[in-house]
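First the proteins, then the strands, lettered A, B, ... as listed; each starts at 1.
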Amino acid sequence: MEKNQVVLRHVTKRFTTRTMGTVTAVDDFNLEIKEGECFSFLGPSGCGKTTTLRMIAGFEDLSEGEIELCGRPVSIKSKNLYIPPEERDLGMVFQAFAVWPHMNIFDNVAFPLKIRKTPKREIEARVKEALKHCSLDGLEKLYPSELSGGQQQRIALARAIVTNPKVMLLDEPLSNLDPKLRETMRFEIKELQRQFGFTIIFVTHDQSEAMAISDRMMVCDMGKIMQIDTPENLYRKPNSRFVHNFLGESTFINIVLKDGKVFPKGDNSQAIDIEIPAGAEQEMVIATRPNAIKLTKNSGFMTHIEKRIFLTDKTEYLVQVGEQLVKIQTPHRVVFAPGETCGIEITSPGWYPPEDKEAEAERARRQRF
Amino acid sequence: MRKASSDIAAMEGRRLGLDGIMTILSFILLFIIVVIPIFMIVYNAFFYQGKFDLTLFSSVIFDKENLKAMGNTIIIAVAVTIFGTIMGLFYAWLLGRSDIPAKGFMRALFTIPYMFPPFFGAMAWDLLFSGRAGYINRWLMSTFHLRTAPVNINSLGGIIFVECSYYFPFVFMQVVSALERMDPTLEESARIAGARQSQVIWKITLPLVKPAISAGALLILISSLAHFGVPSILGFSKNIYTLPTMIYALINKSGGSFDGIRQGTALSILLVAVVAIALVIQKKVLSSGSYDIIKGKSMRPTLIKLRGAKYPLLFLACLTLLIIVIVPLVMIFLVALVKAYGLPLVWKNFSFSNYQKVFASTATMDSIKNSLLLSITAGIVCMFLGVMIAYVVNRIKPKGKNVLEILSILPYSIPGTVLAIGVILSWSGAIFKITLYNTIWIILVAYMARYLSFSMKSASASLQQVNSSLEEASRACGATHTESLRDITLPLIKPAMVSGFFLIFLPAMRELTTSILLYGPYSRTLGVQIFALRDAGMIPQAAALASVAIVLIIICNAIVTWITKDRKGA
Ligand SMILES: Nc1ncnc2c1ncn2[C@@H]1O[C@H](COP(=O)(O)OP(=O)(O)O)[C@@H](O)[C@H]1O
Ligand SMILES: [Mg+2]
């Protein structure tokens, strides 16, 4: 079995500020990240991703719990053990690149080696190698201000790989780049990982980026881990309304159970034909994707087309279900006219409790910070 | 489109629109206020009775006393720069990067040296440590049975100490703001790269704030080179002169005769040369390095835990600040209350008699009135002049706008002493037989030249924020050029005008350097009167008047804070 490279046990971080009182930014995180894995932290802004990463890097104390890197304990709150960042042998790339403007490219990349008192010949060889891997060869003498954002991010990458670290931490490394470049850089990071074999922890709030790059990912919300799994499993079997919504466009329908049948909220005349899972409450929310709902001429839940929107790669229909308008996306070849009668078929939706106003408010409060 | 407004004026068929008038007026005024005095200095230094003549210049330059004064000026300025920079850096690091408590309190203390003129501090320290008379010296001598005074504030070291205590906030402010703007991940990525905290400070933090350090340090250097107050208070009694105080002494000794003024003129050239070298260095250094360190979203720097050193450092930092900032102020109030200088500072020797004398004296009351009149007038006049010149430079952009801009900023770099001589040379009848000498107006002219750049910069910055399309939109709605200016542009930059006024009013209230050379029997200013009282040996009265000035300054500052805060809320 593969070794665990990064292990978090009961890691908790509380911040106390004068304006906000005490906020539990990270609440009892338990993680096991395997050697060579690309693992993403995904969640909306303010959910505690950066804080977790900074605790792994050693920039923040833990309030509780312990962290292990490559089998070595680096933070254990109960024993007051704390290894400073410079002794954790990590690579890290920051959102704002953080290349040092007063050093040229060579000196930026050579810095970690110089600090380690590596012999000069070796420094030159390894910097050259790192620059080559990041397609920066020939730019050694330039200063960061003379380079583009993408190139600056490559310097940061080169600087991180030059010491050959086992674990690489990336905090939203692509969010300051334009969309085209973002995709290229994603590939380059994966390619570097293939060559060097390091473990990646990748922080992002962009779900498609996370899905494209990760072997496994953790979705978190308001300081809590919501779910950890592969991108595909997360998309197909989200365990909560939040994860469902966060991983892609979602259609939620409020429903009421009556006499063993499912009725859309606000309309008891027609039942929706779906299986009721065990343990369902009286009022629930069923969740599916707009493109997973089947639009038919005369089967399923009968209703009519409220509105039709023709988009570049799909057609979008809004149909009335109970008191709600439900969004459905179909290929262009499925054609219904506004006002036309139609049926919708929903297969194996997710079942979640109704939404929680308080949680919404708390999420907004954290994002404001 | 950038000359839209003037084009319209031209299209309207008027040859001289409002823009034209403002442009011409700006040039004329700056010529009178700035060009003439500078020209007169250069002319009088090198020409005698209409002929080129270097004898005066060389005799003044190679005079032993003058050379010594120049040496002193440089020694003091360099020492103040070095010590002030070290001190400023230490406090900047402490407040910007460590987890020391009471940061707000210390920050409040740092604003105090900005408020009061350094010569108040010099007076206070003189009261404590001058020879055998100083209060602390006497106490030390009697306690430890010393024969001689242990500390002599009337020395180069004393001057350096007092100037340092007023100028170190320059570096502090620059560096602390650079540290606050700096992206913390620049330092964090060095930690990840394997650098220890101390290595990060030396290899990353310090190099990155180097531009801020040099900016602050050069500001200290230039201010100290031109500084008059402290060396005059502390140095005269021991015949220690710097270039600015030597110029004053020369002119004072000759009783205002033309010969004295001419010698002062030659010395002025020397002082300007020294300052100019510093300015050139400043320009070079500032243009060479300024990095883009303001990036990133997370603006929470990791604070360095001082752990065990926390409270000792806090104690040290607060104690130093209190000594430097508060002790002089307290001392002035105590001595103001004592019946005669030298009496022990105990309750039974205190009375309000000095205040009674101060308020009974017409000369003193006049000096307060003069200062208020001068500061308010200079503030208002410069406020409008500044806006006009800023408007011409930023909006009308006539040919020679760079000249205009340079001329309005230039006097700020000229030492006050030199400016005063230029004003004397110009307005004592040399031009059109206009004599303002010994009147309050000659001081006003000098203040205007000295402070115009403050209001002009403030108005410029604000005008650049107001998009010119706003004015164009108003014209499109049918308003004339004048109406658009009055109803759109002026209201939008009003905040900058108000702050421009106070930027001039406050320093003018405490001005000493130029007024000491320009005052006449009926045109003493507050600073001059304090200086004169002290010079005449009436030290407690001087302290009483200084304490009145302190209260005035505090009230004015409170009003400014109140006004600016009020506006932010609205
Ligand atoms: N230094 C700090 N002081 C106070 N609160 C903090 C600090 N750092 C993070 N927080 C809080 O912790 C929560 C998580 O922040 P963060 O980890 O930066 O979120 P993310 O990176 O997921 O956007 C937020 O609510 C934020 O307000
Ligand atoms: Mg973050």
Taking all non-hydrogen atoms of both residues into account, name the closest pair between A:Ala98 and B:Ser189 and its distance. O-OG, 3.4 Å
Determine whether more than 12 heavy atoms belonging to other residues, nucleotides or ligands lie under 6.0 Å from atom NZ of A:Lys128. no
Would a distance-only check, ignoring hydrogens and angles, find a side-chain to backbone donor-acceptor pair under 3.5 Å from A:Arg116 to B:Ala193? yes
Output for pair (B:Gln199 CD, A:Phe111 CZ), nearest 0.5 Å, gives 7.0 Å
Mark yes when over 12 heavy atoms from residues, nucleotides or ligands other than A:Lys114 sit less than 6.0 Å from its NZ; otherwise mark no. yes
With a cut-off of 6.0 Å (strictly less than), are more than 12 heavy atoms of other residues, nucleotides or ligands near CZ of B:Phe83? no
In sequence, state the C-alpha distance, the side-chain angles, and the governing distance for B:Arg196 and A:Glu86, and then conclude on salt bridge (Lys or Arg N to Asp or Glu O under 4.0 Å). CA-CA 6 Å; B:Arg196 273 175 283 114; A:Glu86 61 269 26; 6.0 Å; no
Within 6.0 angstrom of A:Tyr82 OH, more than 12 heavy atoms from elsewhere: yes
How many angstroms lie between CD1 in B:Ile204 and CH2 in A:Trp100, if you round to the nearest 0.5 Å? 4.5 Å
In this structure, CE of A:Met92 is separated from CD of B:Glu188 (nearest 0.5 Å) by 7.0 Å
Nearest heavy atoms of A:Pro85 and B:Arg191, plus distance in Å: CD-NH2, 3.5 Å
Considering residues, nucleotides and ligands other than B:Phe110, do more than 12 of their heavy atoms fall under 6.0 Å from its CZ? yes
Counting only non-hydrogen atoms closer than 4.5 Å, does A:Arg88 touch chain B with its backbone (N, CA, C, O), its side chain (CB onward), both, or neither? neither
If you compare all heavy atoms of A:Pro101 against all heavy atoms of B:Leu186, which two are closest, and at what distance to 0.1 Å? CD-CD2, 4.2 Å
Main chain of B:Lys210, side chain of A:His102: is a donor-acceptor contact present, judged purely on distance under 3.5 Å? no
What distance do A:Phe94 atom CZ and B:Ile192 atom CD1 have between them, rounded to the nearest 0.5 Å? 6.0 Å
